[in-house]
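Comments concern the structure below.
Residue numbers run from 1 in the order of the sequence given.
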Amino acid sequence: AADELQQWYESLLLHPVNINTASRSRLEELHVLSLFQIESLQEYIAEYGAVLSFSELAQVDGFNAETVAALRPVITLEDSEPSGLPAYSQARTRIKWKSSQEGLYRYARYLGGAGRFSYGLTLETDALEGLWPDFVSAHVQYDAGAFKLLSGDFSASYGQGLAMDKSFSMSALGSPAAVIKRKNDFRGYTSTGENDAFRGLALSYDFGTAGRVQAFLSAASLDATVTDSTYSSLPATGYHRTDYQKGQKDALREFVACVNYTVETSRLMISLTAAGYGYDKHNARRVQEYNRYQMYDGMYGNAALSVLYSKGHLRCFAEVAVDMGGTPAALAGAVWSPGYNFEGSVHLRAYPKSYIANHGGAYSSLSAVSNQTGILVNLLARPFDGFTVTAMGDAAWHPHVRYRIDSPSFVASLKARCEYAAAGWSVCCQDNYTFKDYEDSHRHALKLLATARPSQQLSVSARADCVLLLTGAVSG
């Protein structure tokens, strides 16, 4: 996730966003502006016209010189025509010796483009996988503004993710506004997850005020344990070192088709998604109580309706979906940002045990979008200059058994963080708390971090960590 997040911001460096012409949803996708800053910026532009300089931007409510300096690499104040964009290229390599695996890890990524075309190539070899790249991923994209076409490997995300979201989640940023998914798009795949990309053809056409249609077809190969016409497991490690692992490599093919229609106004965005998928071999996985309701064979699919409404400093979102078996799922929430110094969000979810979404990526306390009813609350406050407090709490009830948990269960977690930064130094303390009723356990992971920066060339940090685990037997 950290690598994908870095790649996301690197793409912003290559393609800065024009804040004078970008829509509200496009600005929110960037995750570099708070909701209050976005609303304040758009109100300023509506009243005074386009922002003409970065010094003018620093005078907009919610911005200052330091904020603008941090934003300058990823934003612009004027457009460039796609046909006039200069050629660009970016290369990134990594070589690491892994002593635990007694081998050399190698990774290389190349991104480039010229005019309306862009491309990407990713090569990776895990330790002990031989001389040549074990994983090769590539894509080419043509973007003419209203029309976009991509061939190769890609990820896609639509709505709030109950039907289709095969991309990394921004919720890891800890920002309250990050609970809302806004991408509604496909993009070239540049990560190293060997079983996570779609592979095929994706296209998009924008009808202007009438909305936008996107569709894709994928026929990606996955690692699997296969016997004749059946598969019994889907390993996700991506390792191909032993003869057995090499036999699993790309042994199964998955076919996926997806169509999305999105219409957006200044305040409302509605997204309709339909997805179908299936493997080229039959399911022979062992049926156990924890996975009984997540089994399917042949073709399966989902349909979803997502709504996002914006009014002032408030964002409300909801999505309902149904799978091919007729099981529904739903989520809803809101984000409120009345000022730069406060932001809060709430996210409610209800995913039945029998809801199947093989490519769903909605917020979940489990690896699958199923078997839970829960609430997520996220707060951010800046009570005074330099001091920031964030808190994210999640409570989830799992009514059905899970892997190695043979009864219904309840899990609650709270991540609290306080940080103070002044000229030349900063200090941060954090507590990650988790309660599990099936273990009657309370776990605290405490962290204290202090950093001093005597000069731009020198930074000194000290860190202390402590884990405290209390169980019913100990505390009783």
Polar side-chain atom of Glu78 near backbone of Asn18 as donor-acceptor pair, under 3.5 Å = no
Closest heavy-atom pair, Ala357 versus Leu162, reported as atoms and distance to 0.1 Å, is CB-O, 3.4 Å
Centroid-centroid under 6.0 Å between Tyr189 and Phe154 rings = no
Separation between OH (Tyr105) and OG1 (Thr125), nearest 0.5 Å, reads 9.0 Å
Residue pairs passing the salt bridge (charged side-chain N to carboxylate O under 4.0 Å, His left out) test with at least one member in residues 424-435, sequence neighbours excluded, are none
Give a yes or no on whether the ring-centroid distance for Phe135 and His240 is below 6.0 angstrom.
-> no
Criterion ring pair (Phe, Tyr, Trp, His ring centres under 6.0 Å) on His442 and Phe435, from CA distance to verdict = CA-CA 5 Å; His442 303 261; Phe435 168 72; 4.9 Å; yes
Modelled atom types, side-chain donor and acceptor of Arg349 and Ser364, under 3.5 Å = no
Mind checking whether Phe342 and Trp336 have parallel, tilted or perpendicular rings, split at 30° and 60°?
-> perpendicular
Could Arg382 and Tyr340 be counted as a cation-pi pair, given that NZ or CZ must be under 6.0 Å from the ring centre and within 45° of the axis?
-> yes
Answer yes or no: is there an ion pair linking Glu39 with Arg24, defined by an N-O contact shorter than 4.0 Å?
-> yes
State which residue, out of Thr190, Asp153, Asp196, fulfils the side-chain hydrogen bond (donor to acceptor under 3.5 Å, both in side chains) condition with Ser137.
-> Asp153
To the nearest 0.5 Å, atom CG of Leu308 lies from atom CD of Glu28 at 6.5 Å
Distance from Thr262 atom OG1 to Gln214 atom CD, nearest 0.5 Å?
-> 7.0 Å
Distance col, row Tyr420:OH vs Ser426:OG, nearest 0.5 angstrom, shows 11.0 Å
May I ask you to check whether Glu439 and Thr471 show a side-chain donor-acceptor distance below 3.5 Å?
-> no
Going from CZ on Arg187 to CD on Gln141, what distance comes out if it is rounded to the nearest 0.5 angstrom?
-> 9.5 Å
Atom pair OG (Ser191) and CD (Glu124), whose distance is rounded to the nearest 0.5 Å | 8.5 Å
